Amino acid sequence: MAIDCIKTMPSITTPHHHPKDQDQCKDDGKSFVFDAQVLRHQTNIPQQFIWPDHEKPNTNAPELQVPLVDLGDFLSGNPVAAVEASRLVGEACKKHGFFLVVNHGVDKTLIAHAHNYVDTFFKLPLSEKQKAQRKIGESCGYASSFTGRFSSKLPWKETLSFRYKAEENSSKHIEEYFHNRMGEDFAEFGTVYQDYCEAMSTLSLGIMELLGMSLGVSREHFREFFNENDSIMRLNYYPPCQKPDLTLGTGPHCDPTSLTILHQDQVGGLQVFVDNEWRSINPNFDAFVVNIGDTFMALSNGIYRSCLHRAVVNSQTPRKSLAFFLCPKNDKMVTPPHELVDTCNPRIYPDFTWPMLLEFTQKHYRADMKTLEVFTNWLHQRSLS
């Protein structure tokens, strides 16, 4: 059944999740600020960071067995390897949407430099980091927890997010971002993350070939769709917490983006909700963790799953991760290929563009396991009005 596309984002009211319905964090009448260098040593953490009992972490979660996919053999054209990789990815994406890729072709030195600069940035004084302060309603910039958006269930983390555009005329976009926001001293910083994002974009297009094959469409279909991607890079820093059993580094959520390529350090903390329990994905420095997001779930017509996941913290060691969120170009229509739609498998989600879903999650709804469902229902209501 054809579904009309909503091309603009009108106002929406979602009482339970609308950021404007929740006051900004306050502390003795002043705006609350998450200063990791101070809070990491406090034995009594602020109430805003204490999660409800039913959501508190289990730090001894059993390991999730995720497939290890040799991307090198797949991309080299080995037909036997391609069939096996396709099978492994298909099974994982139908169950929980997570898998690991090795022999990915990304230079280990580049990965190490990218991790080192995470330390460089987040060890700066708060006033220096705030030069790149993220504004409410935006997806890029520095964020000390979500103190400007929400007043409860705050994540115990700091992030720095910036945009990556794969268009040819945007080859220095990230370098310019760091120069403009942080100054000339961050020139090398910008160069490293420009190179890292270019490597992630290339890797993601190879993974898209694999996803296309595993879904029974052409290898080129999703690669071409994301060729000029407009993506988000995020540096995550989870400082130690003296009460790690009370809080979460990142709360339970599904990624609204298309694909996430995550590189963890050796500390660990990523957990996925599978078969009604939280399970951990142990660090593997030679591998990237890949997971399906809501946008690709819509592109696959619901065949592949965007799964609930979270991050836990510890009392001793900072945890770092590098997350590349693949997103389509802003004018691309998110609609599944015709091979995935028939009378037995009708359309599940309406057409939409990525900026619409991004705005929905930034201004109107706190991303969780129902984001795509709520967003879809709203689009349906709007199309009927």
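Computed from a predicted model, the values in this text were never measured in an experiment.
- Side-chain atoms of Gln271 come within 3.5 Å of backbone N or O of Asn58 as a donor-acceptor pair.
- Two rings, from Phe98 and His309, have their centers less than 6.0 Å apart.
- Ser204 contributes a side-chain N or O that, together with a main-chain N or O of Met200, makes up a donor-acceptor pair within less than 3.5 Å.
- Between Tyr142 and Phe122, the angle of the ring planes lies from 30° to 60°, which puts this pair in the tilted group.
- Using cut-offs of 30° and 60° on the angle between ring planes, the pair Phe360 and Phe375 is tilted.
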*asked:* Evaluate Asp255 against Asn291 for side chain to side chain donor-acceptor pair (under 3.5 Å), listing each step before the verdict.
replied: CA-CA 9 Å; Asp255 294 337; Asn291 70 273; 3.1 Å; yes

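- With Ser231 contributing its side chain and Cys327 its backbone, the two residues share a donor-acceptor pair below 3.5 Å.
- For the salt bridge (Lys or Arg N to Asp or Glu O under 4.0 Å) test with Glu158, the passing option among Arg234, Arg319, Lys129 is Lys129; the others fail.
- Here the side chain of Asp35 pairs a donor or acceptor atom with the backbone of Gln37 at under 3.5 angstrom.
- Under the 3.5 Å distance criterion, the side-chain polar atoms of Asn116 are matched with a main-chain donor or acceptor of Ala112.
- At least one donor-acceptor pair closer than 3.5 Å links the side chain of Arg305 to the backbone N or O of Lys95.
- Side-chain atoms of Thr202 come within 3.5 Å of backbone atoms of Glu198 as a donor-acceptor pair (strictly under, hydrogens ignored).
- In this structure, Trp156 and Phe49 have perpendicular ring planes: the angle between them is above 60°, well past the 30° mark.
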_Does Phe121 form a ring pair (Phe, Tyr, Trp, His ring centres under 6.0 Å) with Tyr237? I'd like the steps, not just the answer._
CA-CA 10 Å; Phe121 179 83; Tyr237 186 82; 9.6 Å; no

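- In this structure, Asn229 contributes its side chain and Phe226 its backbone to a donor-acceptor pair below 3.5 Å.
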